[in-house]
Asks: 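After the structure tokens below, expect a handful of questions from me.
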Amino acid sequence: MPKINYASMFTLRKDGRYQVKYTDDAGKHTLYDKDPEKLYYKLQEAKKGVVIKPTTFKDVADSWEREHREKIEDRTWRNYAPHLKDMVSQYGETPIEEMEPVDIINDLARAKKKGWSATVVNTRKSIFRMVFDHAIVIGKLKYNPAVSVRLPKGLKRGKRTAPTQEQMELILNNVHAPFGLFPFLLLCTGMRKSEALALTWDDIDLKNKTISVTKSVDYTVDSKPSYKPPKTAAGYRTIPIISPLLTELERAAKERKNGPLFPQPDSSRGGPGGGIMSQKAYDTAWAKYCKATGLEGITAHNLRHGAATLMFEFGVDEMTTQKVLGHSNIQITREIYTDLRESQLSKSADKFDAGVSDMVSNSRKPHKQGT
């Protein structure tokens, strides 16, 4: 029996799908499918009066959420949820197989017009990709239309900011202020806030002058803080303790050398502290420190970038800085160093400008005649 050439029965669209139109008592209809054989059987069922309900974007998005919600951290989900809700409102009734790369391209272009940053737009693209990946897994798509889509050019990108020289000096000279060891440690190590708050005295080897980073603190909604492993292999690392930090850690070790380095403080009602510091306790301690030292407006992430700045200024190479900071990609470190080099070039040019200007100005001053 000769093989049926299903493709010859239908019209092939530019998007790679086959199309057929038919009419019944209810009116005119159009069916689509990338597989011509499947389209043939769709048509036969439709002619028999069987209602074929397409799988919509909302169907797949709901299925993806049910399967993956518990695996996603609450903080991450708070970023995802508004995007997913908006996507469903726009594309919810669209058959999943009809969505094309141009739909995602246009969606991200609209996001750019709204002034969204590169980080936010990339989050939206990632959600599209994950939903379409799920559609492939459950057999509703054969390819992911978001894979080939690139972010729009010219998106706003947040600039990493480091404390000023004066601010860094204030931090280094106020280590004995309440909670002062915390920003001091961040500036000397470049650790993330969540990594530093997860440190215990078991992670600190004063003899070999190293800090082992193996975990971070996870603050989730309506639950107690807990430890979680680093997101990438680069997050596991050993950081050298420089001399100024060693002195302060040795001093702190005389008072307490077990449990968290930055424990939950005793409550105002007399309850004992200890254990992982809560988000509320951290916010309170940080605010008091900033107010006492005049460093209001500074964040823990600013100090991480401040550490990178100091490493650059004191000649630490990119590869070493990458390992100390725990960057998963050397390109992240190189971007920081590139920004710093450009800043240094600008400062040097300004100094050169000022120096030559002074020379020109001095040369034009009238010389006093000898008496």
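As the structure is a computational prediction, the values presented were derived from the model and not from experiment.
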Asks: What about the rings of F182 and Y289, do their centers lie closer together than 6.0 Å?
Replies: no

Asks: Should the heavy atoms of other residues, nucleotides or ligands under 6.0 Å from NZ of K228 be counted, would the total exceed 12?
Replies: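 Correct, the count exceeds 12.
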
Asks: The test is side chain to side chain donor-acceptor pair (under 3.5 Å); show your working for D203 and T200 and say whether it passes.
Replies: CA-CA 5 Å; D203 299 318; T200 67; 3.2 Å; yes

Asks: State the CZ-OG1 distance between R304 and T299, to the nearest 0.5 angstrom.
Replies: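 Rounded to the nearest 0.5 Å, the CZ-OG1 separation comes to 12.0 Å.
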
Asks: Between M9 and V20, is the side-chain contact (heavy atoms from CB on, under 4.5 Å) condition met? List the steps.
Replies: CA-CA 8 Å; M9 301 179 183; V20 63; over 6 Å; no

Asks: Report the C-alpha separation of I96 and T55 in whole Å, then their side-chain angles, then the decisive distance to 0.1 Å, and conclude whether the side-chain contact (heavy atoms from CB on, under 4.5 Å) test is met.
Replies: CA-CA 6 Å; I96 194 72; T55 301; 4.3 Å; yes

Asks: How are the rings of Y282 and F179 set relative to one another: parallel (under 30°), tilted (30 to 60°) or perpendicular (over 60°)?
Replies: perpendicular

Asks: Tell me if a side-chain donor or acceptor on D86 pairs with a main-chain N or O of H83 at a distance below 3.5 Å.
Replies: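 Not confirmed, D86 side chain does not pair with H83 backbone.
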
Asks: Ignoring hydrogens and geometry, is there a side-chain-to-backbone donor-acceptor pair from D59 to T56 under 3.5 Å?
Replies: yes

Asks: Would you call D283 and K280 a salt bridge, taking side-chain N to carboxylate O under 4.0 Å as the test?
Replies: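 Salt bridge: no.
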
Asks: Are F184 and L249 close enough that some pair of their side-chain heavy atoms sits under 4.5 Å apart?
Replies: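 Answer no - side chains too far apart.
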
Asks: Contact between R129 and D133 at the side-chain level, heavy atoms closer than 4.5 Å - yes or no?
Replies: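 Side chain of R129 against side chain of D133, heavy atoms only: contact under 4.5 Å found.
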
